[in-house]
There are 2 protein chains.
Amino acid sequence: MGEGLRYTVVGSPRLDEAVEVLRRAVFSKKPLVLAGLCEARYEGRAASEAEAGDKLVIVKADGSVIVHGLKGFKPLNWQPDTSYIGVESVEGEVRMTFVRRRPREVLEVRCREVGFIAVFESPVEGGYWMFLSEDEIRNAIASFPREVLGEDLVFPEKERRLREAGYADLYGYDSEGRPVIVEVKRVKAGEEAVRQLLRYVEKARNMGKRGVRGILAAPDISDAARSLLERSGLEFRRIDLKRVYGLLKSGRERRTLEEFLES
Amino acid sequence: MGEGLRYTVVGSPRLDEAVEVLRRAVFSKKPLVLAGLCEARYEGRAASEAEAGDKLVIVKADGSVIVHGLKGFKPLNWQPDTSYIGVESVEGEVRMTFVRRRPREVLEVRCREVGFIAVFESPVEGGYWMFLSEDEIRNAIASFPREVLGEDLVFPEKERRLREAGYADLYGYDSEGRPVIVEVKRVKAGEEAVRQLLRYVEKARNMGKRGVRGILAAPDISDAARSLLERSGLEFRRIDLKRVYGLLKSGRERRTLEEFLES
DNA sequence: CTCTGAATTTCGTGC
DNA sequence: GCACGAAGTTCAGAG
């Protein structure tokens, strides 16, 4: 409040006021929220229609548009990226048109009653982190194979972090020098994960590798997937996410200590 | 406006006011929107943290919670279904806690500044349709195989609408009596679609069927998928979505006419 | 309950 | 740009 105007909230605006406020926000690329009795129509990769009802329309500065109904997590309509936004008053309604070029999609929102419009006048962006991703589990396996998978494995390419299309998560060797392919899943593994691993193992065998082992590493596995895995001669290793988290945390601390000693 | 209070909008509320308004809305299961300078912390299947910044928090009557930042289509944090919602004031902040039992997940949103809170007092739910789903394309193929796929096929089981796990979209026979399996994709088909079809065809062959044909029906196909498909001895049929839409529409009109004649 | 597959999936990354 | 794979995927249907 003392830090200057952060939000403009207009309650029950007239048609022309609503259009004016929306146009100003869209033109100056300020995020906005509109609530009201609206209909929505989408045409593009599919086609859909949302009947008149209370909707919440969110328009962000990057051009993403989200139309929420009163129920559920998923939006009724949306547009992840728009190339054109139009605001007009047509037949006593506020009409917003959101066009995306590629793929060609059009989202039209018509509001016969606008409850309020809120504009973020001086938006403050905050950072965002997510931890314990699949990639971090992969790193934990590469760094601590004994602790996570229960046997000593060597992964010469463990620094290759990004997964190329058609390549498994980890390629390495066991203590007897046999090639080992590890497929990592952060959640319970299904049949698709087994088939994926099988493809990589067969590809390696076709390239002339001998005695290739395939290991599926996941917190759990479905019965059907387990069955397919055993029929395919592959192995399953259960991983303990809490343990992995602990290993990574200690790894981080160690790294921090090393950095400290280097300084 | 003439129809009674539809929204309550409170701008820049004090801490205790905000808590009061939020509690009342949550308790009476009214949808609400809050905008402000907030942080969010999630712990459950993964763990994430959103730093202080402008957030839009949406809480719906069914318990779904969505936290949007200033960018992108996807929410920063969410909870599709909550079993507990808590609202308190802690250390000069509004703290909302959203708990989900299964899977066990906790989302905590702390707001150090509340720009506004809007409550939908008498929500109006609107209907929703989506058309031209994969299932409708499948129906069009079953009803008009010549028009969509360019040859006369017969699908004895075409009325089975729901796809069971491990079963292809359509089983039928061509004009020479050979079994035909059709896999339908509403969007450009990738390698995964070809592998799926191949599994179904091989399953049918293993069950003793002879001369089984596999047809992948989609608006387009990727190069890699086309290559895999040809190596696997499967067929591709390009489908024209506009044509399918037209066929279904005429089908609907016909049905309506029949209904009219029956009445 | 779990499993399976679709989604206007979106999103990132490699090519 | 396209393609492939992950996602706190969500969601709906079947067993």
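By convention in this document, chain letters (A, B, ...) are assigned in the order of the sequence lines, proteins followed by strands, and residues within each chain are numbered from 1.
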- Given atom NE2 of B/His68 and atom P of C/dT10, what is their separation to the nearest angstrom? 14 Å
- Query: Any side-chain heavy atom of B/Glu125 within less than 4.5 Å of one from A/Lys71?
  - Reply: yes
- Task: Could you check whether A/Phe73 gets within reach of a base, just the sugar-phosphate, or nothing at all, counting any heavy atom under 4.0 Å?
- Result: sugar-phosphate
- Query: Between atom CG in A/Asp81 and atom C1' in C/dT10, what is the gap in whole Å?
  - Reply: 12 Å
- Message: Expressed as a whole number of angstroms, how long is the span from A/Leu76:CG to D/dT10:P?
- Response: 18 Å
- Message: Nearest whole Å is fine: how far is D/dG8 P from A/Ile137 CD1?
- Response: 12 Å
- Query: Within the pair A/Trp78 and C/dT8, is there a side-chain N or O less than 4.0 Å away from OP1 or OP2?
  - Reply: no
- Report yes if at least one side-chain N or O of A/Tyr200 is closer than 4.0 Å to OP1 or OP2 of D/dG5; otherwise report no. yes
- When we call it a touch if two heavy atoms are under 4.0 Å apart, what does B/Glu191 touch: a base, just sugar-phosphate, or nothing? sugar-phosphate
- State whether A/Gln196 places a side-chain N or O below 4.0 Å from either non-bridging phosphate oxygen (OP1 or OP2) of D/dC4. no
- Task: Would you check if the side chain of B/Glu51 reaches a backbone N or O of A/Gly127 as a donor-acceptor pair within less than 3.5 Å?
- Result: yes
- Item | B/Lys188 side-chain N/O to D/dA3 phosphate OP1/OP2 under 4.0 Å | yes
- How would you label the contact of B/Tyr128 with the nucleic acid (heavy atoms, under 4.0 Å): base, sugar-phosphate, or nothing? base
- Message: Expressed as a whole number of angstroms, how long is the span from B/Arg138:CZ to D/dG13:C1'?
- Response: 14 Å
- Judged by nearest nucleotide, the residue sitting upstream toward the 5' end of DNA chain D, B/Pro80 or A/Met130, is A/Met130
- Message: Does any part of the side chain of B/Val33, heavy atoms only, come nearer than 4.5 Å to the side chain of B/Val57, both counted from C-beta?
- Response: no
- Message: Any base atoms under 4.0 Å from A/Arg199, or only sugar-phosphate, or nothing? Heavy atoms, all strands.
- Response: sugar-phosphate
- Task: Return the 5'-most residue of the pair B/Ala225, B/Leu107 with respect to DNA chain D, ranking by each residue's nearest nucleotide.
- Result: B/Ala225
- Query: What interatomic distance, in whole Å, is found between P of D/dG8 and the corresponding atom of D/dC4?
  - Reply: 22 Å
- Note on the structure: Taken to the nearest whole Å, CD/B/Glu134 to P/C/dT8 is 11 Å
- Look at the side chain of B/Ser143 and the backbone N and O of B/Asn139, then say whether any donor-acceptor pair between them is shorter than 3.5 Å. yes
- Whole-angstrom distance between C/dA6 and C/dT10, as gauged at atom C1': 14 Å
- What nucleotide, of C/dT8, C/dT2, D/dG5, holds the atom closest to the side chain of B/Arg195? D/dG5
- Message: I want to check one thing: is the phosphate of D/dT10, taken as OP1 and OP2, less than 4.0 Å away from some side-chain N or O of B/Arg45?
- Response: yes
- How would you label the contact of B/Gln79 with the nucleic acid (heavy atoms, under 4.0 Å): base, sugar-phosphate, or nothing? base
- Item | Under-4.0 Å side-chain N/O to phosphate OP1/OP2 contact, B/Ser222 with D/dC4 | yes
- Task: Count the heavy atoms belonging to other residues, nucleotides or ligands that lie under 6.0 Å from CG of A/Asn206, then report whether that count exceeds 12.
- Result: yes
- Note on the structure: When rounded to whole Å, the CG to C1' distance for the pair A/Asp220 and C/dC3 reads 12 Å
- With a non-hydrogen cut-off below 4.0 angstrom, is B/Ile221 in contact with a base, only sugar-phosphate, or nothing? nothing
- Task: Without swapping roles, check the side chain of A/Lys60 against the backbone of B/Gly72 for a donor-acceptor pair under 3.5 Å.
- Result: yes
- Query: So which one's nearest nucleotide on DNA chain C is more toward 5', B/Lys74 or A/Gly190?
  - Reply: A/Gly190
- Item | side-chain N/O A/Lys185 vs D/dG5 OP1/OP2, d < 4.0 Å | no
- Could A/Arg95 and A/Glu88 be called an ion pair, given the rule that one side-chain N must be under 4.0 Å from one carboxylate O? no
- Message: Categorize B/Asp223 for me: base, sugar-phosphate, or nothing, with a 4.0 angstrom heavy-atom threshold over every strand shown.
- Response: sugar-phosphate
- Message: From CD of A/Glu192 over to P of D/dA7, roughly how many Å is that when rounded to an integer?
- Response: 15 Å
- With a non-hydrogen cut-off below 4.0 angstrom, is A/Ala224 in contact with a base, only sugar-phosphate, or nothing? sugar-phosphate
